[in-house]
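A short worksheet on the structure shown next.
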Amino acid sequence: MSIKRHYEREFVRTFFTSPTAVEGEDDSAKMLRSAAQLTGMQAPDVWVPDNEDATAPSMRDEGVENIVEVVSEYGADFPGEIHPRIVWHRDDPATRYQGFQHMLEIADPANGAIEHIDGFVVPEVGDIDDWKKADEFITIVENEHGLAEGSLSMSVIVESGAAELALGDLRTEMGKPANNLERLFLLVDGEVDYTKDMRAMTPTGELPEWPELRHNTSRGASAAGLVAVDGPYDDIRDVDGYNERMTENQAKGMIGIWSLTPGQVVEANKSPLPPKTGSWLLEVDDREIELEAADGKQIYNGDKVRLETTDSGYVLHTGGETAELDEDELRKKLLDMTAYVPSMDDIVDSMEEFEAAKEAGKGAIAMTQSTTLVIDGVEIDIEKDRMWDEATYQAAQTPITLFQDVYEHRPDQHEELAEMYGADIVERATNVGN
């Protein structure tokens with residue numbers, strides 16, 4: 001049996017885990033069954049039936065049976081990829097063997113699930129030799145069941161110091177004839193077990209944020225042509241905190257994040273997409289505050305920045321400081337304090353304009369953004385010029401490339417994307433840059 005696989009996803013926004021067997025329920029697979037029927041923005045890019053931490057050890061054999069049953073029934077219609085998480089541990093051969101046996105059962109063509117399964121997630125890996133052990137087990141599973149070598153991907157959870165150090169070995173190890181590490185797909189951070197492995201402590205007992213781990217994982221993924229995913233954000237009611245975490249990650253090149261609920265999936269699916277409308281930000285006390293748009297003007301309604309007119313100019317109060325400024329000085333100060341977040345339409349417009357200029361033989365052009373700021377009823381016109389060259393164009397293209405990747409691989413989200421942006425913008429966004 002040979003199954004042809006194509007791992008063409010450049011971006012993964014959502015990594016959603018579901019317990020494979022819930023003890024004490026009439027239907028122990030109820031959460032798997034529910035997750036398997038998600039669609040649209042509630043459905044993740046990668047669904048992970050979790051037969052490790054999310055499932056009690058006594059239920060894991062039943063969990064494997066549930067994976068086979070549910071994926072066989074619903075897998076053909078699930079809009080994302082399916083990657084079960086098996087048990088593994090760098091220091092425990094018995095656990096590794098159990099994970100191997102579970103993979104053999106899930107991948108058996110006679111059970112009807114493997115044609116819908118894209119790969120396996122391997123937790124608790126250690127150094128690069130341990131990654132190779134997992135890779136070899138998957139190679140044996142493929143050969144045992146007549147699957148093409150490399151047809152099943154492997155994603156690892158980076159939750160130990162050894163695994164973090166192994167990220168630096170990937171570029172030299174992938175592609176060696178002695179292994180199939182080219183099957184690697186996702187590098188996923190597991191901050192909880194990483195904290196335990198590092199023997200880290202905080203006064204409150206809360207997890208450290210581990211920005212270094214997130215950076216290293218993103219860098220390792222970039223160097224090896226893989227996809228980086230952040231670990232779970234377990235305060236599922238803290239939507240603002242979840243979005244702040246994703247914004248921080250995206251600045252590191254880590255687009256994907258673990259999702260624990262369908263609500264988090266929706267937030268994570270939408271977060272990296274360009275906004276529908278542009279917005280102006282004003283820096284206040286080292287924070288950026290979104291201004292209120294009204295009648296083509298941007299209005300600041302807080303009390304941390306105050307502006308008044310005088311006979312000779314203006315007085316600006318910011319952060320306990322007072323400055324007397326003429327109009328040009330005020331405009332320069334406000335330009336330094338403001339930033340613009342471009343909309344999908346803005347990005348597409350700019351890319352199209354640069355493409356047209358490049359065809360006309362121009363290597364760089366100026367893009368202008370202007371608005372009227374209103375502070376304490378005082379209006380000031382500001383204007384920002386930004387030079388666009390090929391490097392600027394390519395940097396701006398990343399959110400559009402992400403959108404195009406989503407549009408290609410998630411047709412179940414087409415209707416919601418059209419409602420979000422409008423059909424015309426969607427069409428232009430899918431064509432620009434190609």
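Just so you know, these numbers come straight off a predicted model, no measurement behind them.
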**Prompt:** Given the side-chain rings of F16 and W258, with only the six-membered ring counted for Trp, is the space between their centroids under 6.0 Å?
**Reply:** no
**Message:** Using ring centroids (six-membered ring only for Trp), state whether F120 and H83 fall under 6.0 Å.
**Reply:** no
Looking at [X] and [Y], would you say the former's side chain and the latter's main chain have a donor-acceptor pair under 3.5 Å?
{"X": "K384", "Y": "T338", "result": "yes"}
{"X": "S72", "Y": "N111", "result": "yes"}
{"X": "E142", "Y": "L152", "result": "yes"}

How long is the straight-line distance from [atom2] of [Y] back to [atom1] of [X], given to the nearest 0.5 Å?
{"X": "T318", "Y": "K333", "atom1": "OG1", "atom2": "NZ", "result": "5.0 Å"}
{"X": "I289", "Y": "K304", "atom1": "CD1", "atom2": "NZ", "result": "9.5 Å"}
{"X": "E209", "Y": "R245", "atom1": "CD", "atom2": "CZ", "result": "6.0 Å"}
{"X": "N249", "Y": "M254", "atom1": "CG", "atom2": "CE", "result": "5.5 Å"}
{"X": "H409", "Y": "E81", "atom1": "NE2", "atom2": "CD", "result": "8.0 Å"}
{"X": "Q397", "Y": "L402", "atom1": "CD", "atom2": "CG", "result": "12.0 Å"}

**Request:** Fit a plane to each ring of F354 and W388, take the angle between them on a 0 to 90° scale, and name the class: parallel (under 30°), tilted (30 to 60°) or perpendicular (over 60°).
**Result:**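 It falls in the tilted class, 30° to 60°.
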**Request:** Mind telling me whether W280 and Y340 have parallel, tilted or perpendicular rings, with 30° and 60° as the class edges?
**Result:**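 The arrangement is tilted - the two ring planes meet at 30° to 60°.
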Electrostatic pair [X]:[Y] at N-O distance under 4.0 angstrom:
{"X": "E159", "Y": "K196", "result": "no"}
{"X": "D345", "Y": "K276", "result": "no"}
{"X": "D405", "Y": "R410", "result": "no"}
{"X": "R33", "Y": "E69", "result": "yes"}
{"X": "E149", "Y": "R183", "result": "no"}
{"X": "K132", "Y": "D135", "result": "no"}
{"X": "E52", "Y": "R60", "result": "no"}

What pair of heavy atoms forms the shortest contact from [X] to [Y], and how long is it?
{"X": "A166", "Y": "G126", "value": "CB-O, 4.0 Å"}
{"X": "D91", "Y": "R96", "value": "N-NH1, 4.0 Å"}
{"X": "A36", "Y": "W47", "value": "CB-CH2, 3.7 Å"}
{"X": "A293", "Y": "Q298", "value": "CB-NE2, 3.8 Å"}
{"X": "F185", "Y": "L226", "value": "O-CB, 3.6 Å"}

**Message:** Under the criterion salt bridge (Lys or Arg N to Asp or Glu O under 4.0 Å), I'd like the reasoning laid out for R85 against D53: C-alpha separation, chi angles, the key distance, then a yes or no.
**Reply:** CA-CA 9 Å; R85 179 188 187 186; D53 281 352; 3.6 Å; yes
**Request:** Under the ring-ring contact (aromatic ring centres under 6.0 Å, His included) rule, what do Y407 and H414 come out as? Steps first, then yes or no, please.
**Result:** CA-CA 7 Å; Y407 198 81; H414 285 186; 3.6 Å; yes
**Request:** Would you indicate whether the side-chain heavy atoms of W88 and K133 approach each other to under 4.5 Å?
**Result:** yes
**Request:** State, yes or no, whether a side-chain contact exists between I257 and T14 at a heavy-atom distance under 4.5 Å.
**Result:**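 No, their side chains stay 4.5 Å or more apart.
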**Asked** Take atom CD in E427; do more than 12 heavy atoms of anything else shown fall under 6.0 Å from it?
**Response**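 No, the 6.0 Å shell around CD holds no more than 12 heavy atoms from other groups.
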**Request:** Go through the steps to decide whether R13 and D45 satisfy the test salt bridge (Lys or Arg N to Asp or Glu O under 4.0 Å), and finish with yes or no.
**Result:** CA-CA 6 Å; R13 299 163 294 168; D45 290 339; 2.8 Å; yes
